[in-house]
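All ligand and atom numbering here is 1-based and tracks the order in the structure. The model shown is predicted, which means the values in this text are computed figures rather than measured ones.
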Amino acid sequence: MKNKIYIYRAFERFWHWTQAFLIFILMLTGFEIHGTFKFFGFQNAVSYHKTAAYAFIVLIVFAIFWHLTTGEWRQYLPTTEHIRAQMNYYIFGIFRNEPHPTKKTVLTKLNPLQKLVYLGLKVLVIPIMVLSGLMYMFYRYPQQNKIETLNLESLEPVALLHTIGAFMLVAFVIAHVYLITTGSTVTSNLKAMIIGYEDVEQDGEESAEETKLNQQTK
Ligand code: HEM
């Protein structure tokens, strides 16, 4: 039986798409700064990169507040349960039309692999990008202006870290866009992140807590 359930709330959808847009701009301008291609022109790329970076930091502050106040941060607690089944599904099962090994509900909207990857992004890759980016912005060589705070002998390790993080984000975005298409239909995941609702296969009773949440959020 198919059931329409509310998976992504309004703020979550706003946060997701704003973040996607900002990361896209940061990638485009970042790789131009890196010298990969020419598009906006170097000076413009630097200026747009900075503006998008500040907007990204503001968005992150709101997103942290939202995750903490709604308790949604719990969705990202990693679990080893079904992780092998989920990997087998992506490598083999998906090509044999097997059913998804994990069920999506309001309380567990992420599968075990998503939990792991998104947690890694939130606690590792994004903090590395923000911190190395801010160090990039505010560094001072020791001999410059006699400013003693944030003295760095060389900007090289910061640039290297920021660039490694940027490549990790590019890899993530490519995998993410492919995985978006692997829901119950090719567009069902994308549609859910736009309108909030998804048609989910319901094989049994939903828990009392799920029903309550579903009703609250409608
Ligand atoms: C809040 C987050 C971020 C801040 C504060 C930030 C800041 C900066 C700054 C100040 C630069 C150097 C610009 C210059 O040379 O004048 C830079 C370079 C760069 N940024 Fe970011 N950035 C952030 C996020 C990102 C993201 C999300 C990406 C890509 C996914 C990215 C990719 C790059 C790349 C590729 C470079 C060139 C690095 C190099 O060649 O050394 N940045 N960033």
Side-chain angles (χ1 to χ4, degrees), residues 8 11-69 72-73 75-76 78 110 113-182 189-190 193-194:
Y8 303 115
F11 174 80
E12 195 169 16
R13 284 175 277 141
F14 163 77
W15 161 61
H16 174 272
W17 290 115
T18 313
Q19 173 168 266
F21 171 73
L22 290 175
I23 289 184
F24 175 72
I25 297 292
L26 286 162
M27 264 179 200
L28 198 65
T29 51
F31 281 102
E32 174 154 13
I33 296 167
H34 189 64
T36 313
F37 50 79
K38 244 179 126 47
F39 187 64
F40 295 114
F42 186 80
Q43 285 306 330
N44 285 336
V46 170
S47 142
Y48 299 156
H49 197 78
K50 271 192 184 169
T51 310
Y54 282 127
F56 190 36
I57 291 172
V58 171
L59 184 69
I60 289 172
V61 172
F62 278 99
I64 292 174
F65 181 76
W66 180 83
H67 277 87
L68 293 180
T69 51
E72 282 289 303
W73 61 272
Q75 299 259 8
Y76 301 84
L110 304 174
L113 274 183
Q114 285 175 314
K115 281 181 201 268
L116 213 64
V117 173
Y118 294 168
L119 184 71
L121 277 183
K122 280 172 196 287
V123 301
L124 205 72
V125 181
I126 291 181
I128 284 179
M129 292 312 281
V130 173
L131 287 178
S132 59
L134 288 174
M135 284 170 89
Y136 222 145
M137 274 182 194
F138 296 108
Y139 82 96
R140 294 275 184 280
Y141 289 118
Q143 64 273 32
Q144 200 184 333
N145 302 333
K146 296 206 163 42
I147 296 171
E148 296 291 328
T149 49
L150 206 56
N151 275 349
L152 297 176
E153 286 300 330
S154 156
L155 194 56
E156 221 171 291
V158 173
L160 189 67
L161 204 63
H162 201 71
T163 309
I164 291 172
F167 275 108
M168 287 171 84
L169 273 172
V170 170
F172 167 77
V173 170
I174 293 170
H176 190 66
V177 170
Y178 162 63
L179 290 171
I180 282 171
T181 64
T182 63
N189 284 341
L190 177 66
M193 195 46 99
I194 296 170

- request: Would you indicate whether the side-chain heavy atoms of Ile23 and Phe56 approach each other to under 4.5 Å?
  value: yes
field: ligand 1 atoms in contact with Met137 (distance to a heavy atom under 4.0 Å)
entry: 5 (C), 10 (C)
field: Contact atoms of ligand 1, heavy-atom distance to Met27 under 4.0 Å
entry: 29 (C), 30 (C)
message: Tell me whether Trp17 contacts the main-chain N or O of Met193 through its side chain, where contact means a donor paired with an acceptor under 3.5 Å.
response: yes
task: Give a yes or no answer on whether the side chain of Gln75 reaches the backbone of Lys115 with a donor-acceptor pair at less than 3.5 Å.
output: no
query: For Lys50 and ligand 1, does the shortest N/O to N/O distance drop below 3.5 Å?
result: no
task: Tally every protein N/O/S atom whose distance to atom 21 (Fe) of ligand 1 is less than 2.8 Å; waters are neither shown nor counted.
output: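 Excluding waters, the total comes to 2.
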- request: Evaluate the ring planes of Tyr118 and His176, with Trp represented by its six-membered ring, and classify them as parallel (under 30°), tilted (30 to 60°) or perpendicular (over 60°).
  value: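 Plane angle over 60°, so perpendicular.
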message: Students often mix this up, so state it plainly: with edges at 30° and 60°, are the rings of Phe40 and Tyr48 parallel, tilted or perpendicular?
response: perpendicular
statement: The option among His34, Glu156, Met135 carrying the non-hydrogen atom nearest to atom 40 (O) of ligand 1 is His34
Contacts of Glu12 that satisfy side chain to side chain donor-acceptor pair (under 3.5 Å) - sequence neighbours left out: Lys109
- request: Take Lys122 and Tyr76 through the side chain to side chain contact (heavy atoms under 4.5 Å, CB included) test and state the conclusion after the steps.
  value: CA-CA 9 Å; Lys122 280 172 196 287; Tyr76 301 84; 3.2 Å; yes
